[in-house]
Q: 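Right, I'll just put the structure down here and ask away after.
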Amino acid sequence: MAHDIVFFLAPDDKTAAATYRKGPGPAFESVTCRFIEPDSAMAEWDMYFQHPSAELPPVERLLEQPWPEWVVTPMNDGVEILALPQRLTRALADAGPAELEELAGRWSARLRAADGDDMTDDDLPAVLKGVARLALSAVRTGGGVYSWSF
């Protein structure tokens, strides 16, 4: 599980990859959170838009989902930079408030089932809404949404 996660907007993979050593920093529009797994969050979000429902699908279905791709091959230092898939970026950009609330509830339920009392104390609906705002900016500017985690 990543301790620090920053979802951020960047014009391209090369720019996102340049954040590897120090993180995105204040030069990038971003949303921060702690103690989640960004790759499984992206897979959960993507699965929701393929099969919208407030019901939590079995974890086996989550594991069958396509997972986001690394922008930089991870080394043994714990840092990962992942790119949100374009279809997920578009789906988040197009999502309305009701969809985001339903998805946040489902995502929270998945984390609670997996982590119990050790679940992040971040405001997950606010994190998801922030990532959706980044996605909307990415669609408008032709950029991408990325996660940097350590």
Side-chain angles (χ1 to χ4, degrees), residues 1-52 57 59 61-111 114-115 118-150:
M1 177 175 310
H3 290 277
D4 296 305
I5 302 94
V6 181
F7 290 97
F8 66 102
L9 180 63
D12 53 45
D13 288 359
K14 184 177 178 181
T15 304
T19 69
Y20 189 88
R21 296 246 184 258
K22 296 183 181 181
F28 294 87
E29 187 178 348
S30 65
V31 175
T32 61
C33 56
R34 298 176 52 89
F35 303 115
I36 66 162
E37 295 177 3
D39 54 354
S40 63
M42 291 180 215
E44 182 76 47
W45 302 341
D46 199 23
M47 183 171 60
Y48 171 83
F49 288 111
Q50 291 175 31
H51 307 283
V59 72
R61 233 167 91 203
L62 175 66
L63 298 175
E64 293 170 356
Q65 284 297 113
W67 290 77
E69 295 186 18
W70 287 309
V71 175
V72 176
T73 303
M75 295 182 235
N76 284 333
D77 59 3
V79 175
E80 289 186 345
I81 301 175
L82 300 166
L84 263 75
Q86 284 299 312
R87 77 177 166 276
L88 176 57
T89 300
R90 283 189 298 278
L92 284 166
D94 292 341
E99 285 176 298
L100 293 175
E101 282 296 322
E102 186 173 80
L103 173 53
R106 188 166 120 172
W107 181 35
S108 296
R110 173 84 63 205
L111 293 177
D115 301 334
D118 293 330
M119 186 176 129
T120 182
D121 59 358
D122 280 316
D123 181 348
L124 295 179
V127 169
L128 187 57
K129 287 175 187 173
V131 175
R133 281 192 300 276
L134 294 175
L136 184 57
S137 292
V139 167
R140 288 179 176 163
T141 64
V145 180
Y146 301 86
S147 73
W148 178 96
S149 61
F150 176 74

Q: Taking the side chain as every heavy atom from C-beta outward, state whether F35 and H3 have any pair of such atoms under 4.5 Å apart.
A: yes

Q: Ignoring hydrogens, what is the shortest heavy-atom contact between L100 and L128? Give both atom names and the distance.
A: O-CD2, 3.5 Å

Q: Please round to the nearest 0.5 Å and tell me the distance separating atom OG of S149 and atom CD of E37.
A: 9.5 Å

Q: Would you indicate whether the side-chain heavy atoms of V139 and T89 approach each other to under 4.5 Å?
A: yes

Q: Find the distance between CG (L82) and CE (M42) and round it off to the nearest 0.5 Å.
A: 4.5 Å

Q: Quick one: do R90 and F49 satisfy side chain to side chain contact (heavy atoms under 4.5 Å, CB included)? Show the steps, please.
A: CA-CA 10 Å; R90 283 189 298 278; F49 288 111; over 6 Å; no

Q: Passes side chain to side chain contact (heavy atoms under 4.5 Å, CB included), W45 versus V131? Steps please.
A: CA-CA 11 Å; W45 302 341; V131 175; 3.8 Å; yes

Q: Quick one, P57 and Q65 - any side-chain contact, counting heavy atoms below 4.5 Å?
A: no

Q: Determine, stepwise, if the pair D46 / L84 fulfils side chain to side chain contact (heavy atoms under 4.5 Å, CB included).
A: CA-CA 9 Å; D46 199 23; L84 263 75; over 6 Å; no

Q: Checking the side chain of R110 only, and the main-chain atoms of A41 only, is there a donor and an acceptor separated by less than 3.5 Å?
A: no

Q: Let me confirm one number: the CD1-CH2 distance from I81 to W70, rounded to the nearest 0.5 Å.
A: 12.5 Å

Q: About how many Å separate CH2 of W148 and CD1 of I5, when rounded to the nearest 0.5 Å?
A: 9.5 Å

Q: Which heavy atom of S137 sits nearest a heavy atom of L9, and at what distance?
A: CB-CD2, 3.5 Å

Q: Heavy-atom distance under 4.5 Å between the side chains of D77 and Y20, does that happen here?
A: yes

Q: Establish, from distance only, whether the side-chain atoms of E99 and Y48 form a donor-acceptor pair under 3.5 Å.
A: no

Q: What are the two closest non-hydrogen atoms of S30 and V6, and how far apart are they?
A: CB-CG1, 3.5 Å

Q: Nearest 0.5 Å, what's the CH2-CE distance between W107 and M47?
A: 13.5 Å

Q: Is the backbone N or O of V71 less than 3.5 Å from a side-chain atom of D13, with the two atoms forming a donor-acceptor pair by type?
A: no

Q: In terms of heavy-atom contacts, does CD of Q50 have more than 12 from other residues, nucleotides or ligands at under 6.0 Å?
A: yes

Q: Checking T120 side chain against R34 main chain: does a donor-acceptor pair fall under 3.5 Å?
A: yes

Q: Would you sort out whether F28 and L134 count as a side chain to side chain contact (heavy atoms under 4.5 Å, CB included), showing the intermediate values?
A: CA-CA 10 Å; F28 294 87; L134 294 175; over 6 Å; no

Q: Counting distance only, does the side-chain N/O of W67 pair as donor-acceptor with the main-chain N or O of S40 below 3.5 Å?
A: no

Q: Can you name the nearest heavy-atom pair linking P125 to E101, along with the distance?
A: CB-OE2, 4.2 Å

Q: Kindly give the heavy-atom pair with the smallest separation between P68 and A83, and that separation in Å.
A: CB-O, 3.5 Å

Q: Can you measure from CG (D4) to CD1 (I36) and round to the nearest 0.5 angstrom?
A: 11.0 Å

